[in-house]
Amino acid sequence: MDYNPSKIEKKWQQIWSDKKSFEPSSDLTKPKKYILSMFPYPSGRIHMGHVRNYTISDAIARHHRNNGFNVLHPIGWDSFGMPAENAAIKHKLHPKKWTYENIDYMRSELAGLGLSFSKEREFATSDPLYTKFEQEFIIKMFEEGLLYEKNQNVNWCPHDLTVLANEQVEEDKCWRCGTTIVQKEMPGYYIKITKYAQELLDDLKTLEKGWPKQVLTMQENWIGRSEGLEFSLALSDKSQQKLGKKFESYSVFTTRPDTIYGVTYTALAPEHEIVKYLVEHKLLSDEKIEAITNMQNVSERDRGTGDKEGVSLEIEVIHPLTGKMIPVWVANFVLAGYGGGAVMAVPSHDQRDYEFATKYNLPMLEVISSENSNLAKEAYVDEGLLVNSGEFDGLKNSKAKKAIIHHFESNDLGKKVINYKLRDWGISRQRYWGAPIPLIHCKNCGIVPEKLENLPITLPDDVEITGEGNPLETHPTWKQCTCPKCGSEATRETDTMDTFVQSSWYFLRYCTPNAQNSPFDGNDAAYWMGVDQYIGGIEHAILHLLYARFFTKALRDLGYIEIDEPFNNLLTQGMVLKDGAKMSKSKGNTVDPDELIQKYGADTARLFILFAAPPVKELEWNDSAVEGAFKYIKKLTDRAKNVTPTNKLVTIDHSTLDKQEKLARAKVYEALKKSNEVYQGSFAFNTVIAATMEALNALSDQKHPDVWSEGYYVLLNILEPIIPHVCWELSDTLFACENFKEITILEEVFEVDSIVLAITINGKKREEIEVSKSLDKEAILEAAKNVSGKWLEGKVLIKEIYVPNKLVNLVVK
RNA sequence: GCGGAUGUGGUGAAAUUGGUAUACACGCCAGACUUAGGAUCUGGUGCCUCACGGCGUGAAGGUUCAAGUCCUUUCAUCCGCACCA
């Protein structure tokens with residue numbers, strides 16, 4: 001049979017589509033598998049990363065489908081977001097038109113790969129129906145106090161009049177117009193993800209079996225739990241006077257209470273209320289105020305790259321244990337959003353405080369003593385004994401930590417607290433192409449949620465995208481509305497949601513296709529969730545996966561679902577490289593999936609991608625290896641001539657076969673065994689494919705027609721998830737497509753009469769012997785010594801080791 | 001700096017988890033068929049050596065009858081976080 005990929009691939013894609021072959025059964029009693037690849041942003045064309053992602057999930061989905069599972073393998077579109085607005089500015093296209101045209105085009109591209117997606121469950125997150133239920137969630141969260149408004153510093157471009165995400169700021173400049181970004185305090189909506197910090201951390205343990213360790217660690221670090229002491233530093237009377245009696249004290253947090261006697265100054269974040277007061281009331285010199293203002297205008301991110309800077313605030317606080325006066329500084333390295341925006345500074349035992357003290361000539365006091373300490377050079381941050389610490393002198397610092405916390409708590413001076421690095425999730429974007437936040441501002445009632453029956457709040461179509469300002473803000477009528485509570489004139493919130501909100505629950509929406517009156521059906525979700533295998537890029541290790549985990553827990557507490565975690569198993573695929581670098585248009589090293597499919601067919605593309613590297617590793621593109629994949633399919637096709645058609649697995653009397661024939665059968669069933677193992681979790685498709693190559697080679701070394709039929713029947717079964725079109729085409733003529741179901745492994749084919757044993761001398765392989773399987777240990781050792789005469793000559797035999805079915809090791813001296 | 005990985009032929013990679021290192025491919029070499037081959041088939045291919053043999057999984061030690069695999073130290077590359085007190 002000639003191999004004509006373009007013809008057979010079109011044919012089978014049509015058949016699968018006509019028969020709705022990939023729609024899951026509605027019988028919710030069958031064993032299920034939910035196989036999900038991260039849905040794409042519809043940027044216009046698919047790239048090799050997509051091809052890899054969907055080929056992996058498709059192979060897994062097809063394997064489980066063939067083995068009797070009810071499989072959900074959906075696809076959709078993460079279709080809100082900035083690129084649509086950028087395209088609108090550049091090409092004068094409406095974001096909606098651009099987005100949905102892209103979706104149509106990319107859908108046809110994906111179809112060419114023969115992916116077994118459920119078509120009936122496809123949706124785009126910009127569809128009004130999806131927005132409707134997302135807005136319902138937001139309202140419920142608002143009502144539960146899980147969503148709130150606050151002012152916070154954001155990156156602001158004064159030219160484009162918009163907020164920019166951190167990654168949209170390039171070296172302090174707007175990535176689009178090059179204007180220098182300023183920090184601007186703006187109101188925005190925040191989701192209280194921090195309420196779930198501890199649970200998000202604790203439940204990582206339940207994911208240990210199914211998630212890569214790397215991702216778990218990254219999430220753990222991101223959540224950043226730390227335990228320490230929180231206490232107040234009281235301002236001196238004089239300082240309180242200076243501050244107009246507006247402040248009495250402020251709170252600081254430390255994980256090193258054992259070093260508290262070493263405090264020689266304290267530092268506030270530039271955004272701290274006391275600092276703001278001093279600046280507003282001009283209580284410092286002009287130079288100092290200017291320096292502070294400059295600090296405030298640098299983004300938190302960029303402060304990290306510069307030198308440590310600070311200004312003495314000319315006020316002081318009282319040390320809670322010694323009663324000594326301590327000067328107060330403002331410092332650029334103190335973060336406003338963590339631990340109250342203020343720190344106690346112990347230059348002798350904290351490297352940051354050390355650098356700052358050195359720069360500004362502030363005093364140091366050693367309170368942890370150790371022979372490894374060298375305070376002339378750097379802060380000493382390790383273990384030691386307390387000195388200069390009053391009643392705690394002589395204690396090991398680990399003990400002193402507990403003792404000092406206890407002292408603070410029993411004297412009501414402070415308390416043990418747990419802090420997290422995780423911040424609340426800001427979801428406001430001053431953008432057009434996003435899901436509107438369904439809240440209304442009323443002069444009388446404040447922030448009021450829209451009535452559920454009025455959802456969805458959809459975007460107006462009649463806007464012009466210029467990139468300046470928010471079109472929802474400037475639209476003549478869109479934001480005008482009446483207050484759902486008091487009925488007076490009110491305005492809609494014009495911010496739209498971060499697109500990470502959409503990707504936080506799309507996997508739930510897939511559970512019930514096209515649900516009109518609810519986001520999804522509870523029974524469907526209970527059946528399909530959690531996702532049995534989630535596949536996507538490592539770049540989503542933190543944000544998307546953390547938000548989705550949070551959303552799942554929040555929806556659970558709102559009564560929508562009953563699970564704690566959305567993704568039971570996670571596979572993070574490696575990047576696709578060419579010439580050692582990530583494929584990108586700017587580097588000009590891309591390979592176009594469409595051209596590849598046109599030249600070799602989808603099956604070759606799929607085979608190469610799964611064969612060239614295991615999924616977790618980077619995949620280096622190699623044109624001649626693609627050619628090699630194509631040749632293997634041709635070879636497989638060519639061997640069909642040896643196969644007698646049959647619609648069931650032939651039975652063979654193994655004992656009547658010769659050695660080559662037996663070997664061929666063993667190789668075939670080894671490949672099947674390997675395949676079953678690989679889909680249990682290692683997903684090393686490359687080894688399965690190699691095993692089928694070995695099996696095909698072994699089959700080609702023999703001529704028994706039944707062995708050929710059986711072997712080919714099994715091989716097409718193993719290969720169907722990987723190269724489906726050609727397998728269905730071949731099976732259609734040979735096996736009436738009856739072989740795409742579970743096949744029992746025949747253990748009898750692994751039984752052999754004789755085994756080959758390696759003879760090693762001191763662990764080094766020297767000889768080989770073939771012995772009858774029934775031979776006992778003594779006889780085998782005897783035989784081993786007989787063939788090793790040359791190696792034993794003039795040596796003393798000390799030890800003889802026999803590892804059954806493997807080897808004999810003779811230890812000589 | 002902290003954290004996480006990864007280092008095996010010319011290349012992509014295997015190795016049943018402590019038991020014959022380099023399976024399966026790509027590439028290369030030789031041969032066959034052919035008017036021709038960038039098609040197909042067959043054979044060879046870790047390194048050193050004429051050979052006997054020796055060496056060999058980033059490097060150096062260790063445990064073991066036996067180490068790519070376990071332990072210690074170290075180097076390199078990649079990724080993530082980056083003043084979280």
Side-chain angles (χ1 to χ4, degrees), chain A residues 212-222 224-226 228-229 252-257 259 266-267 300-301 303-308 331-346 349-353 355-356 381 419-423 538-539 541-542 574-575 607-608 611-614 616-629 631-632 634-635 638 670 673-674 677 684 686-697 700 756-768 790 798-812:
Chain A
K213 199 174 175 223
Q214 193 193 168
V215 176
L216 295 173
T217 315
M218 281 163 76
Q219 293 221 347
E220 194 182 324
N221 292 341
W222 188 264
R225 180 192 153 110
S226 62
L229 173 70
V252 294
F253 173 73
T254 178
T255 55
R256 292 297 305 273
T259 64
T266 141
E300 211 164 71
R301 176 177 267 223
R303 287 179 203 170
T305 57
D307 281 349
K308 290 193 172 38
N332 65 346
F333 68 89
V334 180
L335 301 170
Y338 188 82
V343 295
M344 69 174 210
V346 185
H349 304 295
D350 181 289
Q351 189 57 29
R352 295 157 301 189
D353 299 344
E355 286 166 25
F356 192 82
V381 297
N419 259 320
Y420 301 91
K421 283 197 226 174
L422 183 69
R423 311 285 173 88
I538 185 80
E539 64 273 21
I542 296 175
M575 286 191 301
L607 181 64
F608 166 73
F611 183 56
V616 289
K617 289 194 73 168
E618 291 176 336
L619 173 71
E620 175 71 36
W621 200 263
N622 180 329
D623 288 333
S624 47
V626 174
E627 189 80 37
K631 279 190 207 167
Y632 177 60
K634 274 208 287 190
K635 185 170 159 184
D638 173 66
E670 262 171 40
K673 208 175 206 173
K674 183 98 207 163
E677 282 164 15
N686 52 333
T687 63
V688 176
I689 295 164
T692 67
M693 289 171 171
E694 283 188 68
L696 189 64
N697 290 341
S700 305
V756 176
L757 290 175
I759 310 303
T760 63
I761 312 292
N762 293 341
K764 194 93 195 159
K765 185 186 166 190
R766 295 303 182 189
E767 306 287 343
E768 242 178 35
K790 158 181 164 195
I798 305 171
K799 208 166 179 180
E800 301 163 29
I801 289 149
Y802 170 53
V803 182
N805 297 320
K806 301 267 194 225
L807 53 76
V808 171
N809 190 22
L810 302 175
V811 186
V812 299

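Every chain is numbered from 1 and lettered A, B, ... according to where its sequence line falls, protein lines coming before strand lines. All values reported here derive from a predicted model rather than from experimental measurement.
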Rounded to the nearest angstrom, tell me the gap between atom [atom1] in [X] and atom [atom2] in [N].
X: A:Asn762; N: B:G54; atom1: CG; atom2: P; value: 11 Å
X: A:Leu422; N: B:A82; atom1: CG; atom2: P; value: 13 Å
X: A:Glu620; N: B:G10; atom1: CD; atom2: C1'; value: 15 Å
X: A:Gln214; N: B:G3; atom1: CD; atom2: C1'; value: 10 Å

Both distances under 3.5 Å, Watson-Crick or G-U wobble: report the partner of [N], or none.
N: B:G31; answer: B:C41
N: B:A76; answer: B:U6
N: B:A13; answer: none
N: B:G1; answer: B:C81

Mind checking [X] for me? I need base, sugar-phosphate or nothing, with any heavy atom below 4.0 Å counting as a touch.
X: A:Pro212; answer: nothing
X: A:Lys617; answer: sugar-phosphate
X: A:Asn419; answer: nothing
X: A:Arg225; answer: nothing
X: A:Lys631; answer: sugar-phosphate
X: A:Val346; answer: nothing
X: A:Val803; answer: base
X: A:Thr692; answer: nothing
X: A:Thr760; answer: nothing
X: A:Asn221; answer: sugar-phosphate

Nearest-neighbour nucleotide for the [X] side chain, [options] considered:
X: A:Trp222; options: B:C81, B:A14, B:A66; answer: B:C81
X: A:Lys674; options: B:A15, B:G3, B:A85; answer: B:A15
X: A:Phe611; options: B:G19, B:G3, B:G12; answer: B:G12
X: A:Glu618; options: B:A66, B:C78, B:A14; answer: B:C78
X: A:Asn332; options: B:C83, B:C65, B:A85; answer: B:C83
X: A:Thr217; options: B:G4, B:G54, B:C65; answer: B:G4
X: A:Asn686; options: B:G19, B:A13, B:A82; answer: B:A13
X: A:Ala690; options: B:A14, B:A82, B:A23; answer: B:A23
X: A:Thr254; options: B:A15, B:A85, B:C26; answer: B:A85
X: A:Ile542; options: B:C24, B:G80, B:A13; answer: B:G80

* Got A:Thr254 and A:Val252 here, is their nearest side-chain heavy-atom distance under 4.5 Å? -> no

* Asked: A:Ile798 versus A:Val812: any side-chain heavy-atom pair under 4.5 Å?
  -> no

* What's the spacing between A:Leu335 CG and A:Lys421 NZ if we round to 0.5 Å? -> 10.0 Å

* Asked: How many angstroms lie between CH2 in A:Trp222 and OG1 in A:Thr217, if you round to the nearest 0.5 Å?
  -> 15.0 Å

* Atom C1', compared across B:G7 and B:G68: separation rounded to whole Å -> 11 Å

* Keeping the roles fixed (side chain from A:Thr760, backbone from A:Arg766), state whether a donor-acceptor pair exists under 3.5 Å. => no

* Asked: Does any donor-acceptor pair link the side chain of A:Lys635 with the base of B:U40 at a separation under 3.5 Å?
  -> no

* Asked: Relative to the 5' end of RNA chain B, which residue comes earlier, A:Leu810 or A:Glu768, by the nucleotide with the nearest heavy atom?
  -> A:Glu768

